[in-house]
Amino acid sequence: MTGLGRALVQSGKLTMQQAENISRAASGAQSTFIDQLINTRVMTSIELASNLSQMFALPLLDLNAFDPAQLQSDLIDKKLVQSLKIAGLHRRGNKLTVAVSDAANYQAIDQIKFQTQLSVEAVVVEHDKLMQLLDRLGQTAEAALNEYMSDDLHLDFEDAEVNAADIAAQADVDDAPVVRFLQKILMDAINDGASDIHFEPYEKYYRIRFRQDGILREITQPPLAIKDKLASRIKVISRLDISEKRVPQDGRMKLVLSKTRAIDFRVSTLPTLYGEKIVMRILDPSQAKLGIDALGYELDQKETLMNAIQRPYGMVLVTGPTGSGKTVSLYTCLNILNQPGINISTAEDPAEIQLAGVNQVNMNDKAGLTFAAALKAFLRQDPDIIMVGEIRDLETADISIKAAQTGHMVFSTRLMNMGVPTFNIASSVILITAQRLARKLCTCKEPMQIPDEALLEAGFKEDALDGSWTPYHAVGCDKCKGSGYKGRVGIYQVMPITEEIQRIILAGGNALEIADQARREGVSDLRQSGLRKVRDGQTSLEEVLAVTNE
């Protein structure tokens, strides 16, 4: 048994039987005691670090507080760093501070002292974070780039026509391994279920991050020298002006994966102090075809929504902050209604997901194609259903409301308070939904004991605390990359505009009065809808409180 196992047994953190079982399992799996201890979830990484900090009277530090680019990685031999699982953090004079996850490994500390000829002080860190740091230190950005280049990728980009200057620039970029690196990043993002890719240049490093389940996660730090070539490649295939680096630009590109599947990307560039930051939004058309059941609506909410969208006329508003899934909800409704006998037209800025059978129009303010102009054209083309991306001005609002009152179904994400008469709103809007996205618990979730007082304070009713259900909390595993969450689920408030709510609107009532009436009519607000997901074990109470904290 290792020194760590004996130390945990002596301190009462493990039984002798547990330690022996872990030791045998580690030997059989050809892994270490500490890896086996955490992988089997006998103890989490943070629990182990906290215990070792107390047992050995060493400081406990969070590695997330350190910039990897500023670490003392050149003082310790790289092979020694990887074999001993120790990272140099900071040097002051002849004193070197190192990060360890196994504080019982005194021999490793002695080896570092001998190799560096410095006085070494250890601090305890979480094992999983230390392993991530060592992976980053052990493989340079150049080596990572070479590894990406060696992959056998056969992907096609659908390009529009480009001029001679663009072709020359593209040839220059194609001579480098940057093209294959970019393709690898795009494929990784798609396979990991990312919604956005961030390419970010800074003074001393260049990083790429994915937004997964609403959270940004750093993926790699390629060489800083490739930032301009990478930006040029992205701009060429997104039909942007590669010579213009002083102003923001917006474009699109399509990655053809096979004859039956293609992924669209919405590309945005932004000039920063150290180069152009580029964000690519991944637009997967398959998301709009998942079906309404996959979005997370409760049965009563689904029935209310379906009844509203299948009415012959009226306006349905889908509201929520950026990134809350409004686009997917709207396109799902359009996909349900997209039948051969229905004429559907959409005005968007820009069209994010392309749907066959739907007439989609991109706004172009410079050319005079505004939302109002598009709506006027739609009404001359015998529409059944109209979708307006945003209602930004009084003219657009006026046309949308008149369309909803004269035999057309109108969908939109926003109807701002811009002087529209209340009787027009009351007579045209038939349903409003508000939505948020909460992260779903991974299969590694575990039951959690939460005091009744905390559950009541969160919004649960007394009769819900009958012991018939169990709340769960996030744990973390390889599948969810340690976050404890995998995927997201929608939380909705679906409010039909009843006669009583119409009276409140006509009387100039405020949002609180409307919310009180909706509650009396049995409409669940966002918090109550989220608590249902907690009861069902789909997400954690912590997550619901975070996304519904109005």
Between Lys85 and Asp35, is the closest basic N to carboxylate O distance under 4.0 Å?
no

Note, Leu437 side chain near Val547 side chain (heavy atom, < 4.5 Å)
no

Answer yes or no for Lys227 and Tyr206: cation-pi contact, defined as NZ/CZ to six-membered ring centre under 6.0 Å and angle to ring axis within 45°.
no

For the residue pair Asn359 and Phe378, establish whether any side-chain heavy-atom pair is separated by less than 4.5 Å.
no

Any side-chain heavy-atom pair of Pro321 and Arg436 under 4.5 Å
yes

Gap separating the OG1 atom of Thr346 from the OH atom of Tyr331, nearest 0.5 angstrom:
5.0 Å

Judged by modelled atom types alone, do Ser345 and Gln381 share a side-chain donor-acceptor pair under 3.5 Å?
no

Among Lys235, Lys229, Lys245, find the residue that satisfies the salt bridge (charged side-chain N to carboxylate O under 4.0 Å, His left out) test when tested with Glu276.
Lys235

Exercise: identify the closest heavy-atom pair between Ile292 and Met306:
CD1-SD, 3.9 Å

Ser412 side chain vs Val388 backbone, donor-acceptor pair below 3.5 Å
yes

For Lys254, is there any backbone N or O sitting under 3.5 Å from a side-chain donor or acceptor partner on Asp264?
no

If you round to the nearest 0.5 Å, how far is OG of Ser195 from CD1 of Ile215?
10.0 Å

dist Met409:CE -> Leu334:CG (nearest 0.5 Å) comes out at 11.0 Å

Rounded distance (nearest 0.5 Å) linking atom CG of Leu337 with atom CD1 of Ile309
4.5 Å

side-chain contact (heavy atoms from CB on, under 4.5 Å) between Arg207 and His198: does it pass, once the steps are laid out?
CA-CA 8 Å; Arg207 72 177 178 184; His198 292 240; over 6 Å; no

Taking ring-ring contact (aromatic ring centres under 6.0 Å, His included) as the test, write out the residues that go with Tyr274, two or more places apart.
none

Between Phe210 and the options Asp196, Ile185, Ile282, the side chain to side chain contact (heavy atoms under 4.5 Å, CB included) test singles out Ile185

Between Leu224 and Lys204 the two heavy atoms that sit nearest each other are CD2-C, 4.1 Å

Hey, are Arg266 and Asp250 close enough for a salt bridge, meaning a charged N less than 4.0 Å from a carboxylate O?
no

Counting only N and O atoms by type, is there a donor-acceptor contact under 3.5 Å from the side chain of Asn364 to the main-chain atoms of Leu369?
no

Please check this pair: side chain of Glu200 against backbone of Arg209, looking for a donor-acceptor N/O pair closer than 3.5 Å.
no

Indicate yes or no for a side-chain donor-acceptor contact from Gln301 to the backbone of Glu298 under 3.5 Å, with no hydrogens or angles considered.
yes

Indicate the atoms forming the closest heavy-atom contact of Ile242 with Ser232, along with that distance.
CG2-O, 3.9 Å

So, the side chain of Thr269 versus the backbone of Ile278: is there a donor-acceptor pair under 3.5 Å, distance only?
no

Donor-acceptor pair, Ser238 side chain versus Leu240 backbone, under 3.5 Å?
no

Please report the shortest heavy-atom distance between Lys326 and Gly320, naming the atom on each side.
NZ-O, 3.0 Å

Rounded to the nearest 0.5 Å, what separation is found between the NZ atom of Lys445 and the OG1 atom of Thr443?
8.5 Å

Is it true that a side-chain atom of Gln221 and a backbone atom of Tyr205 form a donor plus acceptor pair closer than 3.5 Å?
no

Quick one: do Leu375 and Ser400 satisfy side-chain contact (heavy atoms from CB on, under 4.5 Å)? Show the steps, please.
CA-CA 7 Å; Leu375 284 176; Ser400 299; 3.3 Å; yes

Ile344 and Asn338 have their tightest heavy-atom pair at CD1-CA, 3.7 Å

Give a yes or no on whether a salt bridge exists between Glu395 and Lys376, defined as a side-chain N under 4.0 angstrom from a carboxylate O.
yes

Using a 6.0 Å cut-off, check whether atom CD of Glu542 has over 12 heavy atoms from anything other than its own residue.
no

Taking the side chain as every heavy atom from C-beta outward, state whether Val100 and Asn105 have any pair of such atoms under 4.5 Å apart.
no

Starting at SG of Cys480, measure out to CD of Gln212 and round the result to the nearest 0.5 Å.
11.0 Å

Evaluate the side-chain contact (heavy atoms from CB on, under 4.5 Å) criterion for residues Asp188 and Ile219: first the C-alpha distance (whole Å), next the side-chain angles of each, then the deciding distance (0.1 Å), finally the verdict.
CA-CA 10 Å; Asp188 284 349; Ile219 300 302; 5.6 Å; no

So does Lys440 have more than 12 non-hydrogen atoms from other groups sitting under 6.0 Å from NZ?
no

Is there a side-chain contact between Leu283 and Arg252, using heavy atoms and a 4.5 Å cut-off?
yes

Below 4.5 Å, heavy atoms only, C-beta onward: do Arg217 and Asp192 meet side chain to side chain?
yes

N/O donor-acceptor pair under 3.5 Å between Lys533 side chain and Thr539 backbone:
no

Are Ser483 and Asp213 packed together at the side-chain level, in the sense that at least one heavy-atom pair is separated by less than 4.5 angstrom?
no

Are the side chains of Arg281 and Val279 in contact, using a 4.5 Å heavy-atom criterion?
no

Looking at Thr332 and Val328, would you say the former's side chain and the latter's main chain have a donor-acceptor pair under 3.5 Å?
yes

Apply side-chain contact (heavy atoms from CB on, under 4.5 Å) to the pair Phe371 and Asp349, showing each step before the final yes or no.
CA-CA 9 Å; Phe371 281 108; Asp349 187 21; 3.9 Å; yes

With sequence neighbours left out, write down each residue that passes ring-ring contact (aromatic ring centres under 6.0 Å, His included) with Tyr297, or none if nothing qualifies.
Tyr492

Looking at Pro222 and Ile208, what are the two nearest heavy atoms and their distance?
CG-CD1, 3.9 Å

